[in-house]
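Working notes, structure below.
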Amino acid sequence: MDRKTIFLCLAHMSEKGLEQKYIKEAFDTNWVVPLGPNVNAFEHDLEQFIGMDKRAVALSAGTAAVHLALIGCDVGPGDEVCVQSFTFCASSHPIKYLGATPVFIDSEKETWNMDPELLEQAILDRKAKTGKFPKAIVPVALYGMPYDCRRIMDISNKYGIPVIEDAAEGFGSRFKGQVLGTFGKYGVLSFNGNKMITTSGGGALICADEEQKNKIMWYATQAREAYPYYQHEEIGYNYRMSNICAGIGRGQMTIVNDHIAHHKHVQARYADLLKDIPGIHLHEAPNADYDANYWLCTITIDPEVRIKGQENAYKETVKSAVGGAAGVIHQVDSPTTDCQPNDNVEALRMYMLERKIEARPVWKPMHKQPVYANCPAYVNGVSEAIFKIGMCLPAGPMVTDEDIDYIVEQIKNAIQ
C-alpha cells in the first residue's frame, strides 16, 4: 500500500493566503527584522486568545522564553529551581545557562505532570539542606495535558515561590476553564514547527502586565540603556521574534481553534478504536477540570505485550535522529543505555516506521539524563515507569480519520 508517511505533528493546515499576505507586507515595507508590525499584531492576537489582562512577548523560541522567565524571577548562580523531570530538555537547560541547579520533581500518575506532594517535600527539604527556598517552580503541560494548577499555585503562594508555567506543548489547554500560562508569574509558549500552531520557529512569554513585558523585551533586545549610543549595563540577549515569522503566526492564529478541535477529535477516535486492544492504554485527562489540547496522543504498552520483531529491538545503533528532530547527533557505540523503553515499545516503533508511520518514545525523564546525574531529584518512580512503556502516536492537523484507522490497524497487526 503506497501511503504518505504519517508524521507525529509536523505538518500544519493553514490560512496560507493570509500568511503569505503578511510575509509579503513585511518585505514590501522592508520590515525584515526582529521587530515590526507583524510582531506587534501577533502579540495582540495572543493576548486576545488568552482572554485575560495579560501581556505577551514574541520571542525566537520557547527555550528563550524559559530563559527570560528565569531571569525575570532573579534566578542566578547558586540558586535552585524546582522543575518537572518528565519533560523535554528545554524546560531545564536554561536553568543551567544561569549557573543555577535544577531540582527535579517526579510526576503524578493521573496527569504524568509534576506531583504537588513531591514538590512541597522538595521545597522543604531544599530549605533544610541549603538554608533557602528554590527561586522558581516550573511545571510542564506534558503533551498538552494540564498540570494541577490549583495545588501547585497553592504551594507557590504558601512559600512565596513564583511559578513559570511551561505550556510549550499546552497552547490552548485549560484548567477549570482558564488558559494554561496565565496562572503563574510567567507562561511559556512554543511555536516550533511541530507545535499546535507554528511560526516555523519561535515562542512567546506571557507576562502579568506592561511593566513586566517591557522588562522581558529589554532583556530580549540586548539590554540597551537609553543613550544615543550602545550602552550596556546588564547582559541581554538577541531573542526577539522576526517580523517574517510573526507574519506566519498571524495567519496561524486564525485557525488555532480548528487545530485544537482537530487534535481533540483525533484523541477521541484513538480512544474509540484502541479501547478493545488488550495491553494498549490511551492516556486521557483524569476529569473535566483538565481540558487538554492533546498536542500528542500517547499510549502505554503493557510489558507482557509481544510485538513482531521484538527479538531485534536495540540490536543496532541509531544512525540518524528519530523523527528528524535534530540535524546533528553524536554517534554512539552501544544501542542501549541503563534507562530506555522496553523492547516491545522499540519493536512497535520500528514496525510502525516500516509502514510509514512515525511513532516515538515519550520523553526520557531529566533526572535519568547523564548531563543531570549530579542534580537533586525527588522521585516516586512514575516518570521512569511511563518512559519504559510509553509511546506517542501521530496527532497533527494533517492526520485524517483514514490515517488513524490505518495506524490502529497496524498496532493490531504488530501484536503477536
Side-chain angles (χ1 to χ4, degrees), residues 8-9 84-89 104-115 118 140-145 147 169 266-267 270-286 290 292 294-315 318 322-323 325 334-355 357-369 377 379-395 404 407-416:
L8 277 171
C9 190
Q84 187 165 311
S85 180
F86 203 7
T87 184
F88 180 58
C89 62
F104 292 111
I105 312 298
D106 215 330
S107 299
E108 56 181 5
K109 292 181 180 179
E110 293 80 8
T111 66
W112 297 6
N113 290 324
M114 182 179 282
D115 185 324
L118 274 183
V140 180
L142 192 72
Y143 303 120
M145 184 66 67
Y147 26 83
E169 299 173 8
V266 170
Q267 170 77 8
Y270 275 130
D272 182 54
L273 297 177
L274 292 170
K275 65 179 185 296
D276 296 324
I277 304 179
I280 306 294
H281 310 281
L282 185 70
H283 185 225
E284 300 182 83
Y290 296 82
Y294 293 110
W295 171 61
L296 289 183
C297 300
T298 54
I299 59 172
T300 57
I301 307 168
D302 289 348
E304 60 270 19
V305 173
R306 183 73 182 175
I307 302 296
K308 293 174 183 176
Q310 190 167 326
E311 65 278 3
N312 297 319
Y314 298 116
K315 295 299 183 185
V318 174
V322 174
S334 170
T336 61
T337 68
D338 64 351
C339 179
Q340 63 190 28
N342 289 344
D343 288 355
N344 60 349
V345 174
E346 173 62 8
L348 183 58
R349 184 192 70 80
M350 295 189 300
Y351 183 93
M352 301 284 269
L353 190 60
E354 289 174 357
R355 287 147 185 84
I357 301 167
E358 184 192 17
R360 299 183 197 169
V362 297
W363 301 126
K364 182 170 183 174
M366 288 297 109
H367 74 271
K368 298 299 295 184
Q369 297 285 359
V379 300
N380 53 18
V382 170
S383 62
E384 188 175 348
I386 295 170
F387 174 60
K388 291 179 179 179
I389 62 175
M391 175 174 282
C392 301
L393 299 178
I404 299 166
I407 292 164
V408 173
E409 189 63 28
Q410 295 314 309
I411 292 174
K412 292 178 180 178
N413 293 341
I415 298 174
Q416 292 185 327

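The nearest pair of heavy atoms linking P394 to I357 is CG-CG2, 3.9 Å. Heavy-atom minimum distance, L348 versus I307: N-CG2, 3.8 Å. Considering all non-hydrogen atoms of both residues, F104 and Q84 come closest at CD2-O, 4.2 Å. Taking every heavy atom of both residues into account, S107 and D115 meet most closely at C-CB, 3.8 Å. Counting all heavy atoms, side chain and backbone alike, R349 lies closest to A359 at CG-O, 3.3 Å. Across all non-hydrogen atoms, the minimal contact from T87 to M366 is O-CE, 3.3 Å.
Here R355 contributes atom CZ and M350 contributes atom CE; the two are 11.0 Å apart, rounded to the nearest 0.5 Å. In this structure, T300 OG1 and H281 NE2 are separated by 5.0 Å, a value rounded to the nearest 0.5 Å. The CZ atom of F387 lies 10.0 Å from the NZ atom of K368; values are rounded to the nearest 0.5 Å. Separating the CG atom in L282 from the OH atom in Y270 is a distance of 9.0 Å, to the nearest 0.5 Å. Atom CG of L274 is separated from atom CD1 of I280 by 7.5 Å, given to the nearest 0.5 angstrom. Taken to the nearest 0.5 Å, the CG atom of N113 stands 7.0 Å off from the CD atom of E108.
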Check the pair M352, I407 against side-chain contact (heavy atoms from CB on, under 4.5 Å), reporting the backbone distance first and the verdict last. CA-CA 8 Å; M352 301 284 269; I407 292 164; 3.7 Å; yes
Candidate pair T298 and W112, rule side-chain contact (heavy atoms from CB on, under 4.5 Å), full reasoning: CA-CA 11 Å; T298 54; W112 297 6; 3.6 Å; yes
Show your working on side-chain contact (heavy atoms from CB on, under 4.5 Å) between K364 and T337 and close with a plain yes or no. CA-CA 11 Å; K364 182 170 183 174; T337 68; 3.5 Å; yes
Stepwise, does the side-chain contact (heavy atoms from CB on, under 4.5 Å) test hold for H367 with V379? CA-CA 9 Å; H367 74 271; V379 300; 3.5 Å; yes
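The side-chain heavy atoms of M145 and P286, taken from C-beta on, include a pair separated by under 4.5 Å. A 4.5 Å side-chain heavy-atom check between L296 and L393 finds every atom pair outside the cut-off. At least one side-chain heavy atom of V362 sits less than 4.5 Å from a side-chain heavy atom of F86. Within the 4.5 Å cutoff, the side chain of I404 has heavy atoms near those of the V266 side chain. Contact of the Y143 side chain with the C392 side chain is registered, since non-hydrogen atoms from C-beta on lie closer than 4.5 Å. Within the 4.5 Å cutoff, the side chain of Y314 has heavy atoms near those of the D343 side chain.
Judged as a salt bridge (Lys or Arg N to Asp or Glu O under 4.0 Å), the pairs with a partner in residues 275-285 (not counting sequence neighbours) are, in order, D272-K275.
Under the 4.0 Å criterion applied to side-chain N and carboxylate O atoms, K388 and E346 are not assigned as salt-bridge partners.
Looking only at distances, a side-chain donor or acceptor of K308 sits under 3.5 Å from a matching main-chain atom of N413. The backbone N or O of V382 sits less than 3.5 Å from a side-chain atom of N380, completing a donor-acceptor pair. One N or O on the side chain of N344 and one on the backbone of D302 form a donor-acceptor pair closer than 3.5 Å.
Residues E169 and W363 bring a donor and an acceptor atom of their side chains to less than 3.5 Å of each other. In summary, the side chains of D106 and S383 do present a donor paired with an acceptor at a separation below 3.5 Å, with no hydrogens or angles considered.
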